K.L.:
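Quick one: structure below, then a few questions.
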2 protein chains.
Amino acid sequence: MRPSTRDRILTSATDLFGLRGVDAVSLDLIATDVGVAKQTLLYWFPSKDELLEGVLAQAAAELVLVIDAALRSAPDEPLERLDAVVRAVFRPAVRRPALLGLIREVSRLPAGVAEQLTGRVQPLAQRAHAYLQAEMNAGRLRRADPGLIAALCYATVTGIATEPEALRVNGWEPSAAGLRRLRDELRAFLRAALAP
Amino acid sequence: MRPSTRDRILTSATDLFGLRGVDAVSLDLIATDVGVAKQTLLYWFPSKDELLEGVLAQAAAELVLVIDAALRSAPDEPLERLDAVVRAVFRPAVRRPALLGLIREVSRLPAGVAEQLTGRVQPLAQRAHAYLQAEMNAGRLRRADPGLIAALCYATVTGIATEPEALRVNGWEPSAAGLRRLRDELRAFLRAALAP
DNA sequence: CACTCTGTCTACCATATGGTAGAGAGCAAT
DNA sequence: ATTGCTCTCTACCATATGGTAGACAGAGTG
């Protein structure tokens, strides 16, 4: 079954926004990509801002879902759980690089949209914070500021996923084997950074 | 002495490009910010692309210089040297958040400009690569792929510096004390990630 | 049939943007 | 004085963009 026009618009907009940046992508471009008139697009999302909002809401929801699932099925050991999250995030991030690129756009968004989005992610961050704190107290993680550690892990993962240039400069290439190696190095890097 | 018009344009463009993104910043905006007519701007840089090129070249040169200086005066111990680089990069990055934000734009640039820039940074990356390799062999760093390690360090630093949202979500705030704490956590994080 | 609702379209508009053409002011050299 | 060079400006233009107005087709309903 073919997805609805609305969904096709969301998918296309997510990819284009994430890949080229929100400002660089015109409604006309998205419409062409979807194969529909611009006004159809404006019928579903009355303005570019609302389209962006929809795109972000969907992407955030998806990400939260993926992470949640990974955590639920991971063993009760902090480094293993971290591993599970990285693996879980890595797959969709590689298949659709736009997803993380999109998140990187947040800092440039109008305040309202940004807040709405951060609000959606906040619960996740708070859970992570509490969890990290507990594990640090239990001596299973290196003692540090849990909030900053969470932010640093996030920065490392999104940073490496959204900056292919940095990888290319360092002689990496995006083959299947390269991706595996990158994923494993990333996991080892974070493990080492967090191990007690 | 007042800086030249050309320099004032470069400064302003660097800040605006880095802060809001290249596409979101118009020549008119930059001109207004500098306090000059748009055509003056086009006199010094015949097109927006060439202005961008100039901005990137200057920023890259500055960054290379800062890192070079930090390395030259650091002791011969890998973790200390890493520390020195982080501290050196942190200061200008905090004073002018646009600088790192600008680098983040690279992945969205027309191929020509991007290549020119990566070419400029390549020597630095290669030096880092060789150095990391040697220190790993000497057992003073955790053994791993040196290229990916360099990329991961870079991703962590630029990621954390360019995503204040991620920090805010985790309850951090941009006071002087907050900055010190962030810098120290970042150093500890990277040290732990690289220590043998 | 008439009426309304949904979804898509064509036609159009006001504005912003990157860029061109060319004038004029200040200044140094001939 | 004239010429030429450097730097800045006003005036203008073609195009792209976000968005409005409204027509039209089809489906469901009285």
Side-chain angles (χ1 to χ4, degrees), chain A residues 1-58 98 102 105-106 108-114 116, chain B residues 1-58 98 102 105-106 108-114 116:
Chain A
M1 189 191 99
R2 190 184 194 185
S4 74
T5 301
R6 192 170 186 281
D7 284 342
R8 282 188 299 144
I9 291 173
L10 274 181
T11 306
S12 186
T14 302
D15 287 338
L16 290 170
F17 282 164
L19 226 55
R20 311 196 196 176
V22 174
D23 284 295
V25 172
S26 71
L27 296 184
D28 278 299
L29 181 62
I30 301 172
T32 306
D33 192 51
V34 177
V36 87
K38 179 172 64 171
Q39 277 57 32
T40 303
L41 209 146
L42 285 165
Y43 169 78
W44 291 106
F45 304 90
S47 73
K48 195 177 182 179
D49 274 354
E50 301 199 35
L51 171 58
L52 178 59
E53 227 168 280
V55 163
L56 289 175
Q58 202 203 33
L102 192 62
E105 288 277 299
V106 172
R108 305 213 161 117
L109 300 180
V113 186
Q116 188 181 337
Chain B
M1 189 190 103
R2 189 185 196 184
S4 73
T5 302
R6 191 169 187 283
D7 284 342
R8 283 189 298 145
I9 292 174
L10 274 180
T11 306
S12 186
T14 301
D15 288 338
L16 289 171
F17 282 163
L19 225 56
R20 311 195 196 177
V22 174
D23 284 295
V25 172
S26 71
L27 296 184
D28 278 299
L29 180 62
I30 302 172
T32 306
D33 191 52
V34 177
V36 87
K38 180 173 63 171
Q39 277 56 30
T40 301
L41 209 145
L42 284 166
Y43 170 77
W44 291 106
F45 304 90
S47 72
K48 194 178 184 180
D49 274 354
E50 300 200 37
L51 170 58
L52 178 59
E53 229 167 279
V55 163
L56 289 175
Q58 202 203 32
L102 192 61
E105 288 278 299
V106 172
R108 304 213 161 117
L109 300 180
V113 186
Q116 188 181 338

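All of these numbers come straight from a predicted model, not from anything done at the bench. Labels below follow one simple rule: chain letters A, B, ... track the order of the sequence lines, proteins then strands, and each chain is numbered from 1.
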K.L.:
For the pair made of CG in B/Leu41 and P in C/dG19, what is the distance, rounded to whole Å?
P.N.:
11 Å
K.L.:
Can you tell me which nucleotide in D/dT8, D/dG19, C/dG18 comes closest to the side chain of B/Lys48?
P.N.:
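Nearest nucleotide to the side chain: C/dG18.
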K.L.:
What integer distance in Å separates A/Phe45:CZ from D/dT20:C1'?
P.N.:
19 Å
K.L.:
When the distance from CD of A/Gln39 to C1' of C/dC13 is rounded to whole Å, what number comes out?
P.N.:
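Answer to the nearest Å: 12 Å.
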K.L.:
If you assign each of A/Ala24 and A/Leu42 to its closest nucleotide in DNA chain D, which residue comes earlier from the 5' end?
P.N.:
A/Ala24
K.L.:
Indicate yes or no: at least one non-hydrogen side-chain atom of B/Asp33 is less than 4.5 angstrom from one of B/Asp15.
P.N.:
no
K.L.:
Could you point out which residue of A/Leu10, A/Leu52, A/Val55 forms a side chain to side chain contact (heavy atoms under 4.5 Å, CB included) with A/Phe45?
P.N.:
A/Leu10
K.L.:
With the side chain counted from C-beta on, respond yes when B/Thr40 and B/Val34 share a heavy-atom pair under 4.5 Å apart, and no when they do not.
P.N.:
no
K.L.:
Which nucleotide sits closest to the side chain of A/Tyr43: C/dT8, D/dT20, D/dG18?
P.N.:
C/dT8
K.L.:
Atom CG of B/Asp23 to atom P of D/dA16: distance rounded to whole Å?
P.N.:
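The answer, rounded to whole Å, is 15 Å.
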K.L.:
Looking at C/dG18, C/dT8, D/dT8, which one has an atom nearest to any side-chain atom of B/Thr5?
P.N.:
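Of all the options, the side chain of B/Thr5 is nearest to D/dT8.
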K.L.:
Looking across every strand, which nucleic acid part, if any, lies under 4.0 Å from B/Leu27 by heavy atom: base, sugar-phosphate, or nothing?
P.N.:
sugar-phosphate
K.L.:
Are OP1 or OP2 of C/dT6 and a side-chain N or O of A/Trp44 less than 4.0 angstrom apart?
P.N.:
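The answer is no; no side-chain N or O of A/Trp44 sits under 4.0 Å from OP1 or OP2.
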K.L.:
For B/Arg20, run the side chain to side chain contact (heavy atoms under 4.5 Å, CB included) check against B/Leu16, B/Asp23, B/Val22 and tell me which one passes.
P.N.:
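Of the listed options, the one satisfying the test is B/Leu16.
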K.L.:
In whole angstrom, what separates B/Lys38's NZ from C/dG22's P?
P.N.:
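To the nearest whole Å, that distance equals 17 Å.
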K.L.:
Can you find a pair of side-chain heavy atoms, one from A/Phe17 and one from A/Leu56, that are under 4.5 Å apart?
P.N.:
no
K.L.:
Taking the side chain of A/Ala37 as heavy atoms from C-beta outward, which of C/dC9, C/dT8, C/dG19 is closest to it?
P.N.:
C/dC9
K.L.:
Which whole-number value in Å describes the distance from A/Ile9 CD1 to C/dG7 P?
P.N.:
11 Å
K.L.:
Let's see if you can work this out: which of C/dT6, D/dT8, C/dC9 has an atom nearest to the side-chain heavy atoms of A/Thr40?
P.N.:
C/dC9
K.L.:
Which whole-number value in Å describes the distance from B/Asp49 CG to C/dG19 C1'?
P.N.:
12 Å
K.L.:
C/dG19 P sits how many Å from B/Leu51 CG, rounded?
P.N.:
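Between P of C/dG19 and CG of B/Leu51: 10 Å.
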K.L.:
Check whether any side-chain nitrogen or oxygen of B/Ser47 sits under 4.0 Å from OP1 or OP2 of C/dG18, and answer yes or no.
P.N.:
no
K.L.:
Given D/dT10, C/dG7, C/dT17, identify the nucleotide with an atom nearest to the side chain of B/Ser26.
P.N.:
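Nearest nucleotide to the side chain: C/dT17.
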